[in-house]
Amino acid sequence: MRHLQVIHAVISHGGVVAAADVLSVTQPAISRMLQAAEAELGLTLFEKVGRRLVPTEEAEQLFQEIDPFITSFRSVQERVVDIREGRLGILRIAATPGLAHSVVPLTLEKVLRKRPGMKTSLDIRRRENVLQMVRANVAELGLGLLPTDAPDIVSTPIGSGRIICVCPADHPLAANTVVRPSDFSRHRLIMMTRGSPLHSLIASAFDDARLPLNWAVETPYSASACNLVKAGFGVALVDSYATQQIEMGGLAVVPFEPNLTVTALLYRARHRPMSKLAKMFFTTVTEQN
């Protein structure tokens, strides 16, 4: 095989010097391999004309036969390098909506600069579904808010936000520098669905203040809560990542006190090694946050 590569390189690149550069070997090594190829094949492949090697008619005929094979073999070699360096394959990601519309695009843009040939599958789900997909290997990486105590999932912090109040820009609460549990007794409150980690986090603040959490509308998605605010259903307590999902025109954002930190995390299976693409995404997202 190596002899055929040398013959092909010398003919296609017009001489020993260029062939040596292409194959990353010395010129004497090329000359020795050509002599060995002629001995093995029983053919005179090159004649010396002045200081140049000129392919014989037999060499030209051989070149026509081996050219498609060598070209195909080179393509396989390049593909092997692509696989080794993570340029091929599909990176499957599952993320909650807020992170799918903020952290994921920013990270993928940087990864794609290095691996423009990669393919990505992004599934946008609720947090519990994201964890299920990572656990079942439907998604190699997951992104969601708040830690999990699942023993088979590794959670790596990649950023943090906080709980905020979203209200119409002309709403009385919009004039506040902060809002507290006591500020919602006279307003229709839109909340995350009961049983969700965000609902439990917000409910803890009302419990600590010894105030009832009287909600009017519940939804599993922060973006939906903000759109309900736009439609006039009330005011919402959501995570700050929600503001990166929708057009916030006509809405005001007021920090909620006490300060409830919402940690963004990257989820992966504890006992499953990451692919090269996943490692690249992991490194990029942890470095930028």
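All values below were derived from every heavy atom in this structure, side-chain atoms included, with hydrogens, water molecules and symmetry-related copies excluded.
Minimum interatomic distance between A95 and V104 (heavy atoms only, all atoms of both residues): CB-CG2, 4.1 Å. A pairwise comparison of heavy atoms in L237 and F206 identifies CD1-CE1, 4.0 Å as the closest pair. Closest of all the heavy-atom pairs between V254 and C167 is CG2-SG, 4.5 Å. Pairing each heavy atom of C226 with each of A242, the nearest pair is SG-CB, 4.1 Å. Between S102 and Y241, the closest heavy-atom pair is OG-CD2, 3.9 Å. In terms of heavy-atom proximity, P157 sits nearest to T263 at CB-CG2, 4.1 Å.
A 4.5 Å side-chain heavy-atom check between L108 and I93 finds at least one atom pair inside the cut-off. For the pair P258 and D208, the minimum side-chain heavy-atom distance is 4.5 Å or more. The shortest side-chain heavy-atom distance between T44 and E58 does not fall under the 4.5 Å cut-off. In this structure the side chain of V130 never reaches within 4.5 angstrom of the side chain of L143, judged on heavy atoms. The closest side-chain heavy-atom distance from Q132 to R125 is not below 4.5 Å. Contact of the M133 side chain with the R92 side chain is not registered, since no non-hydrogen atoms from C-beta on lie closer than 4.5 Å. The closest side-chain heavy-atom distance from L189 to N214 is not below 4.5 Å. Contact check for N129 versus D123: no side-chain heavy atoms found under the 4.5 Å cut-off.
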- Message: Checking T120 against V111 for the side-chain contact (heavy atoms from CB on, under 4.5 Å) test, could you report, in this order, the C-alpha distance in whole Å, the side-chain angles of both residues, the deciding distance, and whether it holds?
- Response: CA-CA 11 Å; T120 307; V111 174; over 6 Å; no
- Message: Between L173 and F184, is the side-chain contact (heavy atoms from CB on, under 4.5 Å) condition met? List the steps.
- Response: CA-CA 9 Å; L173 291 180; F184 294 93; 4.1 Å; yes
- Task: I would like to know whether I246 and M248 meet side-chain contact (heavy atoms from CB on, under 4.5 Å); could you show each step before the answer?
- Result: CA-CA 6 Å; I246 66 168; M248 293 294 290; 3.7 Å; yes
- Before giving the answer on side-chain contact (heavy atoms from CB on, under 4.5 Å), spell out for I164 and T243 the whole-Å C-alpha distance, their side-chain angles and the decisive distance to 0.1 Å. CA-CA 10 Å; I164 57 173; T243 62; 3.6 Å; yes
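Using a 4.5 Å cut-off between side-chain heavy atoms of Ile, Leu, Val, Met, Phe, Trp and Tyr, with links allowed through other members, L106 and I158 fall into different hydrophobic clusters. Under the 4.5 Å side-chain heavy-atom criterion for ILVMFWY residues, no single connected hydrophobic cluster contains both V134 and M274. Hydrophobic clustering, with ILVMFWY side chains joined whenever heavy atoms are under 4.5 angstrom apart, keeps L131 apart from L145. Under the 4.5 Å side-chain contact rule for hydrophobic residues, V103 and L265 do not share a cluster. Taken together through direct or relayed side-chain contacts under 4.5 Å among Ile, Leu, Val, Met, Phe, Trp and Tyr, Y267 and F281 form parts of separate hydrophobic clusters.
Looking at E140, its side chain never comes within 3.5 Å of a backbone N or O of A278 through a donor-acceptor pair. The closest donor-acceptor contact from the side chain of E38 to the backbone of F46 lies under 3.5 Å. At least one donor-acceptor pair under 3.5 Å links the side chain of H101 to the backbone N or O of P97. Side chain of S204 to main chain of L201: a donor-acceptor pair is present (N/O by atom type, distance under 3.5 Å, no hydrogens or angles). No donor-acceptor distance shorter than 3.5 angstrom exists from the side chain of T193 to the backbone of S196, with no hydrogens or angles considered. Looking at R194, its side chain never comes within 3.5 Å of a backbone N or O of H199 through a donor-acceptor pair.
Once rounded to the nearest 0.5 Å, the distance linking CZ of R127 with OG1 of T96 reads 9.0 Å. Atom CG of D183 and atom CZ of F256 lie 9.0 Å apart (nearest 0.5 Å). Put simply, CG on L260 and CG on L198 are 10.0 Å apart, with the number rounded to the nearest 0.5 Å. Considering NZ of K114 and CG of L277, their distance stands at 12.0 Å, rounded to 0.5 Å. To the nearest 0.5 angstrom, M192 atom CE is 11.0 Å from Y221 atom OH. Atom CD1 in I163 sits 11.0 Å away from atom SG in C165 (nearest 0.5 Å).
Shown here is E57, whose CD atom has no more than 12 heavy atoms of other residues, nucleotides or ligands within 6.0 Å. The neighbour count for E47 CD, taken as heavy atoms of other residues, nucleotides or ligands under 6.0 Å away, does not exceed 12.
With respect to the salt-bridge test (charged N to carboxylate O, under 4.0 angstrom), the residues R162 and E257 qualify.
Residues S222 and Q245 bring no donor and acceptor atom of their side chains to less than 3.5 Å of each other.
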